Every structure is written in structure tokens, then in C-alpha cells.
Amino acid sequence: MPLHYHAWKTALAEWDCVFEEQLFYAWGGRPVAEIISSLSQMYGLRMPVESVCRRKENLYLEQLPHLQAIPEVVEHIDNQYGRIPFAVVSGSTRDSVNASLITVKLLDRFKTLVCAGDYKNSKPAPEAFLVAAARLGVAPERCLVFEDTDMGIQAAQAAGMAWVRVPPPR
């Protein structure tokens, strides 16, 4: 998330748009285009959504060499890989998620990726998590979600899934 926030701040500063860190984390899990549209409306701006999306994603991808996986989550993946199926549910684009997982050498651990564009209703709606459960062939009540945002936790709860909060880095 810190690399995403840095990319957001840089891309939005080019439009004199402020994106407070508290709001960034509150909106975590929302698709990029949806965030840009909401910020434009909030501040009365006319940001070109597709152009700002591309700029933000490119800035994020430039920072990938600095991406670090969360050790406790990797430990769980390593301990359970092959015993239970894993999915990623994200408001980011598929290209961004793939690149991130390749960088931290975890892409091969996930049976499915559910990314922006794979669902209509973003977090806190449960749709993305329910899509992941269906693709895995696992009942929602048997799923455990590792989530770093309040909206994601709300979505997991609405899907009937157990969850674990992953705190933001200090």
C-alpha cells in the first residue's frame, strides 16, 4: 500500500488534487478509475480518468523494485501452499497485481486473481470475494480473508467470510 500511496500522491499532484493518507486507506480496495472519479467530483476537478489511471499505474510499476511482501502473510502462504487454494482480490488492475506478485515471487501460489474489471460492485460489496470463492470452488464460510482496509473487511463480512486484519506498515 505505501508504494500505491506514493504513486497516487505523485499522479494527483499533477492535477492539484490532494489525496489524504487517511482517505487513501479508507478507500483501499476501490478500483483506480472509481477513486479518480470520486476525487474529481469531491474537488470539482475534471481529471481525465483513463489518463490519470495510466499515470498512477505507471508510477506504481516504476517503484516495484522496492516492493516487499508482508512476512507474516508469506509465512502463512508457505505453510499452507498445496493444502488450501489461494486467491488475490484487488481493486487494482490485473497487470498491476501480476507485476506485484511476480516481484515478490508469489504469483505461482495463487489459483486465481480477482481484479478490477472482474466484478461490477467494488468493496465494501462482497461481490469480488464471492467471485474468488466460486473460482476456487470453496464455500464462502470456509474462506479466510487477509485484508488491509476497512472496506475490504466489510466486504469479507458481507460475503460471510472470516477475516484477519493486516495492519498498515508503520
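Any value given below was found using the heavy atoms of this structure, including those in side chains, with hydrogens, waters and symmetry copies removed. Note that the structure is a prediction, hence the values are computed from the model and not measured.
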Atom of [X], atom of [Y] and distance for their closest heavy-atom approach:
X	Y	value
R94	L113	NH2-O, 3.1 Å
A132	T112	O-CG2, 4.3 Å
G28	M151	O-CB, 3.9 Å
G91	A116	O-CB, 3.3 Å
L136	P85	CD2-CB, 3.7 Å
P31	S122	CD-CB, 3.3 Å

Check: K56 and H4 side chains under 4.5 Å, non-hydrogen atoms =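 Yes, their side chains come closer than 4.5 Å.
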Do R135 and K111 come within less than 4.5 Å of each other through their side chains, counting heavy atoms only?
->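 Contact flag for R135/K111 side chains = no.
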Common cluster, [X]/[Y], ILVMFWY with side-chain heavy-atom separation under 4.5 Å:
X	Y	answer
V138	V145	no
L144	V114	no
W163	V88	no
Y119	I153	yes
I77	F146	yes

Please lay out, stage by stage, how E141 and M161 fare under the test side-chain contact (heavy atoms from CB on, under 4.5 Å).
-> CA-CA 5 Å; E141 63 272 12; M161 299 175 176; over 6 Å; no
Is the closest side-chain donor-acceptor distance between S92 and Y60 under 3.5 Å?
->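 Side-chain D/A pair, S92 to Y60: absent.
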Establish, from distance only, whether the side-chain atoms of S38 and R30 form a donor-acceptor pair under 3.5 Å.
->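 On atom types as modelled, these side chains qualify, holding a pair under 3.5 Å.
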Got more than 12 heavy atoms from elsewhere within 6.0 Å of CD, Q41?
->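 No.
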Any chance CD of Q22 has more than 12 other-residue heavy atoms, nucleotides or ligands included, within less than 6.0 Å?
->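 Counting neighbours around CD of Q22, 12 or fewer heavy atoms of other residues, nucleotides or ligands fall under 6.0 Å, so no.
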Please test V164 against H76 for side-chain contact (heavy atoms from CB on, under 4.5 Å), starting from the C-alpha separation and ending with a verdict.
-> CA-CA 12 Å; V164 173; H76 178 74; over 6 Å; no
Measure the spacing between CG of L39 and SG of C17 and express it to the nearest 0.5 Å.
->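 The CG atom of L39 sits 4.5 Å away from the SG atom of C17.
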Passing option when W8 is tested against W15, F19, Y25 for ring pair (Phe, Tyr, Trp, His ring centres under 6.0 Å) |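 When W15, F19, Y25 are each tested with W8, the ring pair (Phe, Tyr, Trp, His ring centres under 6.0 Å) holds only for F19.
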Any donor-acceptor pair under 3.5 Å from N58 side chain to R55 backbone |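 Judged by distance alone, no pair lies under 3.5 Å.
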Quick check: does any side chain N or O of E127 sit under 3.5 Å from a backbone N or O of N121, one acting as donor and the other as acceptor?
->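 Confirmed, E127 side chain pairs with N121 backbone.
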Take T93 and E57 through the side-chain contact (heavy atoms from CB on, under 4.5 Å) test and state the conclusion after the steps.
-> CA-CA 8 Å; T93 64; E57 289 301 308; 3.5 Å; yes
Considering only distance and modelled atom types, tabulate donor-acceptor pairs under 3.5 Å from the side chains of residues 61-75, sequence neighbours left out.
unit_1, atom_1, unit_2, atom_2, d
Q63, OE1, H6, ND1, 3.2
Q63, NE2, L3, O, 3.1
Q63, NE2, L59, O, 3.3

N-O pairing of K123 and E147 below 4.0 Å =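 Yes.
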Is it true that the NZ or CZ of R109 lies under 6.0 Å from the centre of F86's six-membered ring and within 45 degrees of the ring axis?
->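 That pair does not qualify as a cation-pi contact.
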Steps toward side-chain contact (heavy atoms from CB on, under 4.5 Å) verdict (V18, L12) | CA-CA 7 Å; V18 176; L12 294 172; over 6 Å; no
